[in-house]
Amino acid sequence: MEITMPHVPADHTSEYRRATAADAAGVAGVWLASFRAALPTVRRAHTDDEVRAWLEHVVIPGRETWVAQSGDTCVGMMVLHDGWIEQLYLSPGHRGRGIGDGFVDLAKRANPAGLQLWTFQVNGPARRFYERHGFRQAELTDGSANEEREPDVRYVWLPGYGIQPN
């Protein structure tokens, strides 16, 4: 399904589009910088070069990968696959400008029956962000099933979540 992104984030300078092979370096730069800034205590399972290769050769060609671009710079990335937000990372300097909101809106429109995602339990800002967007905690784990061995939480969004009766 091809989705166009009419939502304009609060900074009014970012545009959303599907990633291409030419975006691999920018997507990797966002992923790496965001992971370092948001998750300094989480052990990464792969080197920077392994992350770059995975994004370039596996994720971008094989998954529905979106970028938020400001001018010529990639400032955010999101990966959707089979009803899951698999990745959503923003450049640290571009957080709080509505870009993540735009990505979640896009994901919900592309998956109107519902979405799931995982995030690490220590990532309080991400957890608050998803909860603000109507995602509900569905499962907590000890991290034994993820590569980082970090406790995580699975969130679910279904249409009607967060809607209060009148």
Side-chain angles (χ1 to χ4, degrees), residues 3 5 9 11 13-104 106-107 110-111 115-131 133 135 137-157:
I3 302 285
M5 189 61 198
D11 70 359
T13 61
S14 297
E15 68 177 64
Y16 298 85
R17 63 175 175 76
R18 289 291 294 270
T20 67
D23 294 310
V27 167
V30 167
W31 193 102
L32 292 164
S34 182
F35 196 100
R36 283 187 193 105
L39 302 165
T41 63
V42 175
R43 178 191 72 83
R44 284 208 0 241
H46 300 280
T47 67
D48 288 3
D49 287 341
E50 289 169 335
V51 169
R52 288 183 189 102
W54 168 69
L55 289 165
E56 179 180 5
H57 300 293
V58 177
V59 174
I60 292 174
R63 297 283 193 260
E64 183 179 342
T65 305
W66 290 84
V67 295
Q69 189 170 324
S70 180
D72 292 334
T73 304
C74 178
V75 297
M77 58 86 70
M78 178 179 69
V79 179
L80 299 175
H81 185 72
D82 290 340
W84 287 81
I85 296 177
E86 290 188 346
Q87 310 286 324
L88 197 164
Y89 289 93
L90 304 176
S91 291
H94 286 80
R95 290 187 185 149
R97 298 183 184 190
I99 298 168
D101 300 333
F103 274 137
V104 170
L106 187 155
N111 297 276
L115 285 165
Q116 298 185 71
L117 63 91
W118 289 99
T119 193
F120 296 116
Q121 290 182 33
V122 299
N123 195 345
R127 293 179 71 177
R128 288 186 296 277
F129 170 80
Y130 290 118
E131 290 167 5
H133 283 280
F135 286 80
Q137 180 180 302
E139 178 182 6
L140 292 171
T141 79
D142 63 3
S144 61
N146 65 52
E147 291 182 312
E148 296 82 4
R149 301 295 181 250
E150 182 71 29
D152 53 9
V153 54
R154 181 171 60 90
Y155 279 98
V156 174
W157 169 80

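These figures come from a predicted structure and were not determined experimentally. Here, residue 1 is the first one in the sequence, and each next residue gets the next number.
Annotation: the span from N111 atom CG to Q116 atom CD amounts to 10.5 Å, rounded to 0.5 Å. Distance CZ/R43 to CD/E147: 8.5 Å, rounded to 0.5 Å. Interatomic distance, CG of L115 versus CH2 of W84, reported as 10.0 Å (0.5 Å rounding). Here the straight-line distance linking atom CD of Q87 with atom CE of M77 works out to 5.5 Å at 0.5 Å rounding. In this structure, CD in Q69 is found 6.5 Å from CG in D23, a value given to the nearest 0.5 Å.
Residues Y130 and L88 meet the side-chain proximity criterion, which asks for heavy atoms closer than 4.5 Å. L80 places a side-chain heavy atom less than 4.5 Å from the side chain of L106. Contact of the V30 side chain with the H94 side chain is not registered, since no non-hydrogen atoms from C-beta on lie closer than 4.5 Å. A 4.5 Å side-chain heavy-atom check between L55 and T65 finds every atom pair outside the cut-off.
Applying the salt bridge (Lys or Arg N to Asp or Glu O under 4.0 Å) definition to pairs two or more places apart or across chains, those involving residues 50-59 are D49-R52. Among residues at least two apart or in separate chains, salt bridge (Lys or Arg N to Asp or Glu O under 4.0 Å) pairs with a member in residues 27-41 are R36-D48.
The backbone N or O of W118 sits nowhere less than 3.5 Å from a side-chain atom of R154 that would complete a donor-acceptor pair. Using modelled atom types, one side-chain atom of Y16 and one backbone atom of I99 make a donor-acceptor pair closer than 3.5 Å.
Across all non-hydrogen atoms, the minimal contact from A37 to P92 is CB-CG, 3.7 Å. The nearest pair of heavy atoms linking F103 to V67 is CZ-C, 3.9 Å. In this structure, Y89 and S34 approach most closely via the heavy-atom pair CD2-OG, 3.3 Å. Taking each heavy atom of R18 and R63 in turn, the nearest pair found is NH2-O, 4.2 Å. Heavy atoms only, all atoms of each residue included: I60 and A24 are closest at CD1-CA, 3.6 Å. Minimum heavy-atom separation, V156 to A138: CG2-CB, 3.6 Å.
The aromatic rings of F120 and F35 lie perpendicular to each other, with more than 60° between the two planes, well past the 30° mark. The aromatic rings of F135 and Y155 lie perpendicular to each other, with more than 60° between the two planes, well past the 30° mark.
Among N146, N123, T119, the single residue meeting the side-chain hydrogen bond (donor to acceptor under 3.5 Å, both in side chains) criterion with D152 is N146. Put simply, the residue from E131, R127, Q121 that forms a side-chain hydrogen bond (donor to acceptor under 3.5 Å, both in side chains) with Q137 is R127.
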**Q.** Stepwise side chain to side chain contact (heavy atoms under 4.5 Å, CB included) test for D101 and F129
**A.** CA-CA 9 Å; D101 300 333; F129 170 80; 3.3 Å; yes

Q: Might you work through the side chain to side chain contact (heavy atoms under 4.5 Å, CB included) test for R44 and V51, ending with a clear yes or no?
A: CA-CA 10 Å; R44 284 208 0 241; V51 169; 4.0 Å; yes

